[in-house]
Amino acid sequence: MTETGEAQHVIRARREKVEQLREMGIEPYAYRYEPTTCAEAAVRDYLTVGEQSTVNVRLAGRVRSLRFHGKTTFAHLEDRTGKIQVYFRRDVLGEAVYRVVRLLDLGDWIGVEGALFRTRTGEITVRADELQLLAKTLRPLPFGKEETDESGGFVIHSGFADLESRYRQRYADLAVHPKVRARFVVRTRVLREIRRFLDDRGFLDVETPILQPIYGGATAKPFKTHHRALDAELYLRIADELYLKRLIVGGLERVYEIGKVFRNEGTDRTHNPEFSMLELYQAYADYEDMMELTEALVHHVVVEVTGSSTVSYQGRQLDFRPPAPRLSWHEAVRKYGSVDASQLEGRALRAAALEAGVEDADAKGRAALLDGLFKTLVEEHLTGPVIIYDYPVELSPLAKHKRGGDSDVTERFELYVASWEIANAFSELNDPFEQRERFEAQVRMREEGWEEAHQIDEDYLTALEYGMPPTGGMGLGIDRLVMLLTDSASIREVILFPTLRPE
RNA sequence: GACCGGGUAGCUCAGGUGGCAGAGCAGCGGACUUUUAAUCCGCAGGUCCUGGGUUCGAAUCCCAGCCCGGUCACCA
């Protein structure tokens with residue numbers, strides 16, 4: 001990164017400070033520090049016992065504010081738990097150490113030790129009698145000025161708001177925005193609670209290949225790569241599905257994987273080219289079992305992470321207490337679109353799609369027309385949570401037909417929240433004859449120019465021929481769930497390093 | 001991929017009907033032993049996204065491109 005003008009000026013000034021420190025025998029980049037407490041605990045301790053007895057603390061963190069007053073200096077130190085004020089006095093620290101205080105900059109990492117007291121204005125503060133510089137910053141961090149106004153509101157006077165800069169330099173975004181740090185703490189808690197829930201139910205946490213010779217399990221364009229030593233074309237997975245079901249064939253019975261999948265498609269507020277999915281498979285279960293499991297899992301995560309069953313997302317209240325309302329796919333289209341798609345064939349379906357405003361309805365096949373009808377007429381109403389079940393067979397090539405003879409629909413459901421598909425599940429197709437037919441149908445669509453159609457995965461068919469028990473499977477978009485729980489409008493706010501065009 | 005909006009100091013933003021490049025915060029020097037958007041005095045800091053064009057003169061107008069955001073398409 002090249003700097004011009006002022007940035008170079010600031011960096012030069014700080015390099016000179018580093019030189020000064022070294023000349024004073026101070027190493028500006030330390031090896032270790034051992035804090036005995038954190039900002040939050042220090043304040044809490046003072047409030048419980050500090051008013052009567054002395055509380056000594058040893059804290060480490062980043063310098064968030066500095067106010068020099070000649071022979072005294074006030075600073076705020078920030079660690080992962082919050083901020084605490086530090087008071088430096090030349091007569092306490094001595095001339096040499098106080099010179100180090102005067103060389104501090106915003107953003108420096110320091111360790112301080114001292115007793116807690118309350119200042120004249122009432123703020124709990126560390127009276128530092130030791131200071132250790134842990135790491136000097138060379139580059140100015142874009143801290144905003146903060147204050148509490150008369151009505152008690154929190155005001156940030158300037159900040160670091162440019163989205164591109166925040167995403168490209170996430171380290172700076174995290175360093176200056178405690179709320180951003182908190183959002184990613186929520187993300188790890190979501191992952192932990194998903195694992196805890198599934199581990200408690202006897203699921204095995206497994207890992208399957210990301211580099212795959214044949215991709216499948218979803219309809220999407222893949223990323224392609226090449227392995228030198230094997231001289232082999234490989235694809236980054238678009239779904240975990242086919243490998244996880246091989247494990248069900250192998251008798252593991254309950255498996256799940258949380259990991260990145262990769263789809264070579266456009267990005268927007270709810271799509272990143274690499275994103276995190278949970279996929280799980282449970283032997284002997286069907287999609288009804290998956291409905292219960294999905295609702296219980298999501299509810300568990302919501303309650304454990306937020307402390308409540310309800311979430312406020314972009315001004316809308318979402319209630320995750322099970323069971324969610326259930327609506328069949330055809331009922332949903334009838335209810336919101338006043339169209340009975342199950343009765344429509346060929347031209348009539350195309351006419352209905354045209355009337356609904358589906359784009360390119362002239363050129364689309366039956367599956368795309370059905371999907372288009374649902375997306376234009378229904379999706380916006382699914383603020384949810386709501387379960388849409390029994391999808392048309394055209395839309396669900398990997399799900400079993402609805403039992404009991406009605407072969408137009410499959411045993412598949414999706415959980416909708418905030419008009420997004422959060423989870424997708426079905427009674428898995430375990431009939432190797434039918435699976436082969438469906439692969440062959442995909443190949444025909446591929447020959448007709450549909451790039452995303454699946455290839456035949458002979459090894460997967462071999463696995464099915466060894467016998468897969470009836471199995472329920474479910475996939476859940478981790479990023480979107482985290483968006484809901486952190487009230488984030490964009491997926492880029494919940495992915496530490498979202499995909500951007502290289503600079 | 002299409003359309004719309006944006007890109008000016010480290011950060012947040014003015015300027016935009018063409019006429020010396022601006023503010024606040026951050027930075028540097030000085031004063032200040034309970035401050036907290038500290039205050040006061042002084043100083044410094046610019047590829048106005050890039051490249052062309054029009055013009056006596058372009059941050060400003062025109063063209064092309066780059067990057068970001070939004071909407072749509074694709075998709076989860």
Side-chain angles (χ1 to χ4, degrees), chain A residues 1-14 16-17 64-76 83 85-93 98 105-107 117-123 125 127 137-149 155-169 172 176 218-221 238-239 261 263-279 358-360 368 371-372 375 414-416 420-424 451-452 475-481 483 489-492 498 500-503:
Chain A
M1 197 172 195
T2 56
E3 251 66 37
T4 57
E6 181 61 13
Q8 273 179 349
H9 224 205
V10 173
I11 290 166
R12 194 181 314 124
R14 295 200 182 179
E16 283 165 12
K17 287 184 182 176
R64 272 303 311 271
S65 65
L66 275 171
R67 293 178 294 282
F68 297 107
H69 298 271
K71 299 181 187 68
T72 68
T73 297
F74 284 91
H76 275 94
K83 281 191 284 192
Q85 184 167 255
V86 184
Y87 180 44
F88 298 101
R89 291 176 64 101
R90 194 175 67 173
D91 58 4
V92 171
L93 291 164
Y98 196 74
D105 286 296
L106 295 184
F117 75 108
R118 220 184 254 276
T119 62
R120 199 179 284 165
T121 53
E123 182 162 352
T125 300
R127 187 191 312 268
T137 69
L138 292 182
R139 214 174 267 277
L141 277 166
F143 289 118
K145 284 272 178 176
E146 297 160 2
E147 83 176 312
T148 309
D149 62 23
V155 183
I156 296 180
H157 287 274
S158 65
F160 187 46
D162 181 69
L163 291 176
E164 182 177 358
S165 305
R166 286 186 49 230
Y167 299 149
R168 287 199 195 275
Q169 293 193 275
V176 304
T219 304
K221 296 189 193 82
I238 59 172
V261 298
R263 300 193 183 173
N264 209 337
E265 288 154 0
T267 74
D268 64 25
R269 216 169 75 251
T270 58
H271 296 84
N272 196 63
E274 56 178 298
F275 63 102
S276 296
M277 279 249 294
L278 161 70
E279 284 197 38
V358 175
E359 289 208 9
D360 299 325
D371 196 36
K375 285 197 162 136
E414 292 201 354
L415 173 64
Y416 271 88
W420 308 328
E421 302 156 49
I422 291 293
N424 178 25
E451 237 184 298
E452 291 93 334
L476 184 146
I478 303 281
D479 311 276
R480 290 184 178 178
L481 182 59
M483 286 172 71
S490 167
I491 198 168
R492 297 176 202 106
L500 296 178
R501 198 178 293 274
E503 281 183 297

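Naming: A, B, ... by sequence-line order, numbering from 1 per chain. Because the structure is a prediction, the values reported are computed rather than measured.
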Exercise for the section: Between B:A73 and B:U17, how far apart are the P atoms? Round to whole Å, please. Expected result: 36 Å
Problem - Exam field: side chain A:Arg480 to backbone A:Glu421, donor-acceptor pair closer than 3.5 Å - result: yes
Exercise for the section: With rounding to the nearest 0.5 Å, note down the distance linking CG in A:Asn424 to CG in A:Leu476. Expected result: 10.0 Å
Problem - Closest to side chain of A:Thr72, choosing from B:G27, B:U35, B:U33 - result: B:U33
Handout entry: SB check A:Arg12 A:Glu16 (cutoff 4.0 Å)
Key = no
Handout entry: Nearest-neighbour nucleotide for the A:Ala161 side chain, B:U12, B:G70, B:C68 considered
Key = B:U12
Handout entry: B:G27 OP1/OP2 closer than 4.0 Å to side-chain N/O of A:Arg14
Key = no
Handout entry: A:Arg139 side-chain N/O to B:G10 phosphate OP1/OP2 under 4.0 Å
Key = no
Practice task
Select one nucleotide: of B:U34, B:G69, B:A76, the one nearest the side-chain heavy atoms of A:Phe275.
Solution key: B:A76
Handout entry: Of the listed nucleotides B:U12, B:G1, B:G70, the one nearest the side chain of A:Phe160
Key = B:U12
Problem - B:A14 to B:A2 separation - C1' atoms, rounded to the nearest Å - result: 33 Å
Problem - Presence of donor-acceptor pair under 3.5 Å, side chain of A:Asp268 and base of B:C74 - result: yes
Exercise for the section: Could you please name the option among B:U34, B:C28, B:C68 that lies closest to any side-chain atom of A:Thr119? Expected result: B:U34
Practice task
Record whether the side chain of A:Arg67 comes under 3.5 Å of the base of B:U35 through a donor-acceptor pair of N or O atoms.
Solution key: yes
Practice task
Return the minimal non-hydrogen interatomic distance between A:Glu164 and A:Leu500, and the atom names on each side.
Solution key: O-CD1, 4.4 Å
Fill in the blank from the handout: Among the nucleotides B:C28, B:G70, B:C68, whichever has the atom closest to the side chain of A:Arg492 is B:G70
Fill in the blank from the handout: Winner on side-chain proximity to A:Leu106, out of B:G27, B:G69, B:U35, is B:G27
Problem - Listed nucleotide nearest any side-chain atom of A:Arg89, set B:U33, B:C66, B:C28 - result: B:U33
Exercise for the section: Look at A:Lys17 and B:C28 and indicate whether a side-chain polar atom (N or O) is within less than 4.0 Å of OP1 or OP2. Expected result: yes
Exercise for the section: Determine, answering yes or no, if A:Trp420 is stacked on B:A76 under the 5.5 Å centre rule and the 30° plane rule. Expected result: no
Exercise for the section: Taking only the side-chain nitrogens and oxygens of A:Arg168, find out if one of them lies under 4.0 Å from OP1 or OP2 of B:C68. Expected result: yes
Problem - Presence of donor-acceptor pair under 3.5 Å, side chain of A:Gln85 and base of B:U35 - result: yes
Problem - Short side-chain to backbone donor-acceptor contact, A:Asp479 and A:Ser276, under 3.5 Å - result: yes
Exercise for the section: Give a yes or no on whether a donor-acceptor pair under 3.5 Å exists between the nucleobase atoms of B:U33, that is its base, and the side chain of A:Arg90. Expected result: no
